[in-house]
Amino acid sequence: MENLESILNKEQCEAVRETEGPLLVLAGAGSGKTRVLTHRIAYLIENCGVQPWNILAITFTNKAAGEMRDRVDKIVGLRGREVWVSTFHSMCVRILRRHIDRLGYNSDFSIYDTDDQRTVMRKVFKDLNIDSKNLKERAVLAAISKAKNEGLTPVEYRDQISGGDYNEKKIAECFTLYEKILHQNNAVDFDDLLLKTVELFDTEPEVLEYYQERFKYILVDEYQDTNDIQFNLVDKLAGKYKNICVVGDDDQSIYKFRGANLENILSFEKSFPGAKVIKLEQNYRSTEKILDCANAVIAHNTGRKQKRLWTDHKGGKDVTFKEFDGANDEANAVIREVKDCGRSYHDQAILYRTNAQSRLLEEQCIKMNVPYQIIGGVNFYQRREIKDVLAYMKIIANDSDNVAFERIINVPKRGIGEATLEKLRVFAAANSTSEHTVTMYEAATKAGIIGIGGKAGKMLQEFVNMVENWKDKLRYAGYLNEKAVDEDSYSIQRLIESIRDDSGYGEEIKLEGVVEAETRFQNIEEIISKASDYQKNAEEPKLSEFLEEVSLVADIDRKDDNTDLVTLMTLHGAKGLEFPKVYLVGMSDGLFPGYKSMNEHDDLEEERRLCYVGITRAQDELVMTSARTRMVNGNYERMKPSMFIDEIPDELCQKTTLNRYGEDEMPFADAFGGGSFGGGSFGGSSYGSGSYGDYRKSRRENQRYDERDEYRHDDDFGNVIGGRGNSHSGRNSSGGFSGGSSGGFGVNSYGLSGMGSTGYTGRSGSSYGSGRKSGSGIPKSLQTTGVQKLSSLDYKVGDTVSHIKFGKGTVLSIVDGKKDYEVTVDFEKAGQKKMFASFAKLKKI
DNA sequence: CCTTAGGATGTTTTT
DNA sequence: CATCCTAAGG
Ligand SMILES: Nc1ncnc2c1ncn2[C@@H]1O[C@H](COP(=O)(O)OP(=O)(O)OP(=O)(O)O)[C@@H](O)[C@H]1O
């Protein structure tokens, strides 16, 4: 290996070489913590003779895991493949697949996402006669998750309830039944993945010992966001050799809402006696100006571990903050700058607090023809068509999965409704014994016996035949638990295609309308290609393993780094990433920090950490913006610039603000006179009881702030062109607004290219698709392009055509469907694909 | 059994 | 505003 010193600074080298015993690398943003981990893995292998399979490295996302593995590979070559680099969740799935039978599940278990959990909870409410007016499903699930994070079983939870709180008792009942249903369905939720692994280690000491021996060296990235169970896992796994190296930054802990416990990193030295602590102080990512802003903001938090952070990159571009009149103006100006600033799109990211904010930005991207990707929002794997297809697959892999069964038994319509389902449920319940639970699917196979006749009976029978048929094919090719007879006889891709084409599902989707259908078909294509990736990489591909893997894909894992796209995502999503130019938008009190956090000291500090994370993603340039009015929940809200902006000294940041509205002014009225000032202290109460748009109230309270601050703003920002009177210059930026909508934009200009994989595709389906009724600001061209059935095609069977994504291919067949031509093409690279003509934009060559 | 219309309900952030 | 859920009609 190259000389370590040439790649790492002194402290980093020390962290790499300190291989034995517990080690905490505590350091601020961009100080090269992740780089330390990568080189440490390589060092262990190259210099310490550690076997790669004796190393476990935990990262925060699957994507980060992949990147780390690649980098290790680059240094040590192929041996790097043998290192386990994964997220906690993926690690647990891998372990559980091998051993979960000891806990009374089988290895084909399903993983339930939040949606599935809600489905189960709805059932629980029904069974327990709970009125969802008194108790909310979400709340119960949150309580259960919390209990699980504290390691409580349903029984323990019930026993620790303080006194006779009615709701808590109910929650305890729900908890019990919820767990029972999951177990019956051979399913686990996200928390269970971690919890069951701990349970496994507790109940099966020799399994634990196996993994302790196996993972002699353990490394954990982003340790500040681990929760109690994850700590437990680490603690157990490292219990024998104690070679545990964690890196993190207490100032970047942003996942408390999901159970992360800052104590894990704060008291690492107590948990692992004899631990060595190394601090890294040089930041390699950002310019001095950016770093100064970050430090200024985070300095307002209390109880931090002291860390210095400095950089060589003296000076740099000025950090700016600008307040716009309306949220539209803000979005417009930001996207315009993205387009005009001369940087590649790829080098720019727009970060916001909530997913909802992406909408305006997206509209502007479309208007201005800026290629973009949106990370997050509705998770790809939660989209309806994806969940439907996966549910088919889950039923095949795990026929205990009643949630999957009920999801798709009547999709497409088979005339099987509530009445039939109830018969099946009754039969299943009546025939279940303590040894054997009769599943819905099993009940369906006995439709005849149960006395479900007529159409429903026939359709059930057909459904079962279809599933059994798929199972046979999969079994023969080795995708279930038996050895393959002929590996090449079938594949997961073909299964998905068959689900789409042979079950009537694809047909039903088409009836929804061509725009929706195309989006959905495209999404199904994506999962097919995911399946083929899986198939390529897996030594022994199994259907259930594929499903488990797919359940753990996070939005961020799908980020495209190879196409020139500007990235839009939440601040949370940006953790661990870096971009030359970063925009932090929506910097308004009430939004960021969110009004819910403004009263709670701890929550506010977490928001501040989030802000710190956001600022420190920027390498060269940081632009912050806010809007004075913004539509929230259907009504206009007036907001003042974020307190975090105030926390940055004016000499570090060029701030341009508008004056506040006077009390009686309406949002778009002339705003000059009022000029009262708000600012600094955003006392607790303001958003406190913040119920829905109590417009008058929030106006009054805003006014109160207004009275205080603005002097400061104006005086201090004298350096900027008219902080005052700018209310109309906010409009300036919207001058170009209308111009942007010039035509010439078609779906194909990037809807189909690399882009298709993320933001645009899916969202158009879910958020705009049905929205065709109302013009949602999306250009007409977008809604209709590619929708009309072409009257004729300029290619015919046998022609060679080219496709924007799949390349060259030969037309195999053209079927004149109801709404569109369905063209089958055999591509040289991508193989056979079926697609709609109006959408595929095939060109004859 | 399926469709649809209308009303109530609700929001950070995500593996 | 938007989604979800319920209740009545086909
Ligand atoms: N010794 C070094 N010399 C030069 N560049 C470095 C060095 N160490 C790290 N870097 C660079 O600094 C940037 C930040 O590194 P890295 O992502 O490892 O930091 P981090 O501490 O994990 O950041 P964060 O806490 O924000 O996740 C990267 O671009 C990395 O390549």
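Values reported hereafter were calculated over all heavy atoms of this structure, with side chains retained and with hydrogens, waters and symmetry mates removed. Letters A, B, ... mirror the listed sequences (proteins, then strands); counts begin at 1.
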Are A/L547 and A/L390 side-chain neighbours, meaning at least one heavy-atom pair lies under 4.5 Å? yes

Is the Lys NZ or Arg CZ of A/R558 less than 6.0 Å from the centre of A/F380's six-membered ring, within 45° of the axis? yes

At less than 4.0 Å, is any side-chain N or O atom of A/K136 found next to OP1 or OP2 of B/dT9? Yes or no. no

Aro-ring/base stack A/F257-B/dT13, d under 5.5 Å, angle under 30°: yes

Please confirm whether the shortest side-chain N or O distance from A/N227 to OP1 or OP2 of B/dT15 is below 4.0 Å. no

With a cut-off of less than 4.0 Å, is there a side-chain N or O of A/T114 near OP1 or OP2 of B/dT14? no

Side-chain donor-acceptor pair present, A/Y112, A/N185, cut-off under 3.5 Å: yes

Go through A/E606 and A/E600 one step at a time and tell me if the side chain to side chain contact (heavy atoms under 4.5 Å, CB included) criterion holds. CA-CA 10 Å; A/E606 176 138 326; A/E600 264 321 303; over 6 Å; no

Heteroatom pairs (N/O) under 3.5 angstrom, protein to nucleotides 7-10 of chain C:
none

Nucleic acid contacts of residues 115-130 of chain A, taken as heavy-atom distances under 4.0 Å to DNA chain C: A/R118, A/R122

Counting N and O atoms only, with roles assigned by atom type, does the side chain of A/D127 sit under 3.5 Å from a partner on the main chain of A/V124, one being a donor and the other an acceptor? no

Geometric class of the A/F546/A/Y534 ring pair [parallel <30°, tilted 30-60°, perpendicular >60°]: tilted

For B/dT13, take OP1 and OP2 only and decide whether either is under 4.0 Å from a side-chain N or O of A/N355. yes

I want to check one thing: is the phosphate of B/dT3, taken as OP1 and OP2, less than 4.0 Å away from some side-chain N or O of A/K413? yes

Please give the distance between the P atoms of B/dT13 and C/dC4 as a whole number of Å. 15 Å

Using a cut-off of strictly less than 4.0 Å, decide whether A/S90 has a side-chain nitrogen or oxygen near OP1 or OP2 of B/dT15. no

